[in-house]
Amino acid sequence: MDYDVLIVGGGMVGATLACALGESPLRVAVLERGDPDQAWPRTEYDIRVSALTHASMRIFEAVGAWEGMKARRVSPYRAMHVWDATGSGAIHFDANELGEANLGHIVENSVILGALRERMAQLDNVELISPAEVVSLDRDSDAARLLLAGGRRLEAALVVGADGLQSRVREAAGITTTGWAYDQHALTASVRTSRPHEEACWQRFAPDGPLAFLPLPEPNLSSIVWTTSPEHARVLSEIEPSAFLDELQQAFGDRLGRMEAVGQRGVCPLALQHADAYCAERVVLVGNAAHAIHPLAGQGLNLGTLDAAALAEVLIDAARGHRDIGSRSVLRRYERWRKGDNVVVTAAMDGFKRLFGSQLAPVRWARNLGLRLTDATGPVKQTLIRRAMGLSGDLPRIARSVASR
């Protein structure tokens with residue numbers, strides 16, 4: 001065989017898996033269609049960022065990529081303020097209440113990917129093949145084979161689909177999905193405000209969707225994620241900056257003072273999708289190829305990094321035990337481990353989206369009361385935030401604290 005593992009998709013989750021398999025006995029190739037610009041330093045901020053949990057940070061530490069991210073730029077957040085635009089309900093989380101230095105980190109996607117690619121290049125057992133476009137996938141009881149555009153053929157014991165929402169690997173393996181498109185788009189941009197963000201995340205839930213301000217390294221600069229209707233998102237992406245800032249001010253209020261400047265704006269449609277199976281013979285799915293969720297709590301990448309860490313643990317354990325890493329019996333351990341948690345989080349995010357989108361008076365009353373009660377109940381609030389931070393749950397070994405590994 002050419003390789004033991006072929007990872008189709010060299011984005012953040014695929015690259016995390018490759019790094020997690022680094023320095024193992026397995027021969028790994030990562031196939032990526034494009035070749036993103038990894039030049040650094042950059043003066044402008046990426047319009048796409050991720051809110052990394054402690055579990056994700058530990059994974060990146062363990063695979064040797066976190067130092068590269070810190071050397072570029074990361075922004076810890078130490079508090080979170082959430083409130084309902086239609087009532088008095090609000091909840092506040094603070095790292096000090098948990099005895100932690102922070103609740104997590106806001107990191108640009110280009111920073112995450114750049115550091116992971118840098119680490120991949122240092123690993124003798126990992127090869128990046130780019131550009132590479134998969135034309136077909138063929139499997140039998142002994143191996144999986146990929147045909148690439150241009151005629152190159154590759155054979156491995158296992159093919160991993162890390163190729164996103166429209167996964168060609170998932171389709172070729174005959175794995176079906178369940179889900180639906182939301183009638184919402186997310187607009188992202190960097191915004192400068194007259195008041196500092198205070199290393200806090202600020203999120204206002206409005207009827208048409210949440211509006212979040214996520215802190216960037218500069219004290220008065222935040223990355224926004226504005227979820228709204230497709231028509232409104234299109235208008236917001238096209239109007240003049242001054243008009244956009246006026247709309248943003250009206251939607252968010254003055255908690256961060258005046259909206260002073262906005263950078264490049266981007267828009268993407270939102271959808272829920274979940275694979276009905278995570279594996280087939282010699283094929284397995286991770287990240288958005290397996291599950292895509294509403295971004296209102298910023299958990300999408302964190303679920304993907306946990307997928308990558310769990311799958312790497314399963315494959316390395318199987319290889320050390322001289323088991324076939326592409327067999328259903330091995331891959332089912334990963335599926336049982338990750339699918340249940342992912343289904344729960346996916347359903348919870350969908351439920352929150354519908355709860356905060358409802359304008360029925362009893363629902364508004366109930367959610368505002370729920371926010372106030374949760375904020376006042378210390379043990380419940382701490383349990384929720386510790387789980388969201390990746391400090392509890394059935395975590396892969398490299399996602400746990402050093403003391404518990």
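Heavy-atom basis, side chains included; hydrogens, waters and symmetry copies ignored.
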If you round to the nearest 0.5 Å, how far is [atom2] of [Y] from [atom1] of [X]?
X: Leu21; Y: Leu315; atom1: CG; atom2: CG; result: 6.0 Å
X: Ile129; Y: Leu31; atom1: CD1; atom2: CG; result: 4.5 Å
X: Leu165; Y: Leu272; atom1: CG; atom2: CG; result: 10.0 Å
X: Trp66; Y: Met69; atom1: CH2; atom2: CE; result: 7.0 Å
X: His291; Y: Thr346; atom1: NE2; atom2: OG1; result: 7.0 Å
X: Arg168; Y: Glu133; atom1: CZ; atom2: CD; result: 5.5 Å

(request) Take Trp226 and His232 through the test side chain to side chain contact (heavy atoms under 4.5 Å, CB included) and record every step on the way to the result. (result) CA-CA 10 Å; Trp226 190 348; His232 190 214; 3.9 Å; yes
Is there a side-chain contact between [X] and [Y], using heavy atoms and a 4.5 Å cut-off?
X: Met80; Y: Gln203; result: no
X: Leu146; Y: Val169; result: no
X: Arg397; Y: Asp317; result: yes

(request) Could you give me the CA-CA distance, side-chain angles and deciding distance for Arg258 and Gln249, then say whether side chain to side chain contact (heavy atoms under 4.5 Å, CB included) is met? (result) CA-CA 7 Å; Arg258 297 186 313 278; Gln249 190 83 63; 4.2 Å; yes
Out of [options], which one pairs with [X] under the side chain to side chain contact (heavy atoms under 4.5 Å, CB included) rule?
X: Thr305; options: Leu52, Ile59, Val286; value: Ile59
X: Leu187; options: Val267, Ile47, Thr228, Val235; value: Val267
X: Ile106; options: Pro76, Pro217, Pro215, Ser222; value: Pro215

How far apart are the closest heavy atoms of [X] and [Y], and which atoms are they?
X: Gly10; Y: Arg117; result: O-NH2, 3.0 Å
X: Val126; Y: Gly22; result: CG2-CA, 4.4 Å
X: Cys279; Y: Arg328; result: SG-NE, 3.9 Å
X: Tyr334; Y: Leu285; result: OH-O, 2.8 Å
X: Leu301; Y: Ser50; result: CD2-OG, 3.5 Å
X: Val5; Y: Ala156; result: N-CB, 4.2 Å

(request) Before giving the answer on side chain to side chain contact (heavy atoms under 4.5 Å, CB included), spell out for Val107 and Val49 the whole-Å C-alpha distance, their side-chain angles and the decisive distance to 0.1 Å. (result) CA-CA 5 Å; Val107 187; Val49 303; over 6 Å; no
Could you tell me whether [X] and [Y] have a side-chain N and a carboxylate O separated by less than 4.0 Å?
X: Glu67; Y: Lys70; value: yes
X: Asp2; Y: Arg27; value: no
X: Glu231; Y: Arg234; value: no

(request) Check whether the side chains of Thr176 and Asp276 place a donor and an acceptor atom closer than 3.5 Å, and report yes or no. (result)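 Looking only at side-chain atoms, Asp276 and Thr176 do form a donor-acceptor pair, the distance falling under 3.5 Å.
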(message) Is it true that Asp307 and Tyr278 share a donor-acceptor pair across their side chains at a distance under 3.5 Å?
(response)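 Distance-only check fails for Tyr278 and Asp307.
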(request) Mark yes or no for whether Arg192, through its side chain, and Ala261, through its backbone, hold a donor-acceptor pair below 3.5 Å. (result)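 Flag not set: sc Arg192 to bb Ala261 has no pair under 3.5 Å.
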(message) Keeping Glu32 on the side-chain end and Ser130 on the backbone end, is there a donor-acceptor pair under 3.5 Å?
(response)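 No.
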(message) Can you confirm if the NZ or CZ of Arg119 lies within 45° of the ring axis of Phe60 and under 6.0 Å from the centre of its six-membered ring?
(response)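 No cation-pi geometry.
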(message) Using the ring pair (Phe, Tyr, Trp, His ring centres under 6.0 Å) definition, which of the options Phe252, Phe205, Phe213, Trp202 pairs with His81?
(response)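 One option only clears the test, and that one is Trp202.
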(request) Give a yes or no on this: more than 12 heavy atoms of other residues, nucleotides or ligands lie within 6.0 Å of atom CD of Glu171. (result)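 Incorrect, the count does not exceed 12.
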(message) Can you confirm whether more than 12 heavy atoms, excluding those of Arg153, are under 6.0 Å from its CZ atom?
(response)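 Count not over threshold, so no.
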(request) Could you check Arg73, Arg42, Arg72 and say which one makes a salt bridge (charged side-chain N to carboxylate O under 4.0 Å, His left out) with Glu108? (result)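 Between Glu108 and the candidates, salt bridge (charged side-chain N to carboxylate O under 4.0 Å, His left out) is satisfied uniquely by Arg73.
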(message) My understanding is that only residues two or more places apart in sequence, or in another chain, count here; which of them pass side-chain contact (heavy atoms from CB on, under 4.5 Å) with Ala144?
(response)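 Residues passing side-chain contact (heavy atoms from CB on, under 4.5 Å) with Ala144: Leu137, Arg139, Val159, Arg282.
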(request) Kindly determine whether Arg265 and Leu236 satisfy side chain to side chain contact (heavy atoms under 4.5 Å, CB included), including the steps that lead there. (result) CA-CA 9 Å; Arg265 286 161 275 172; Leu236 291 172; 5.7 Å; no
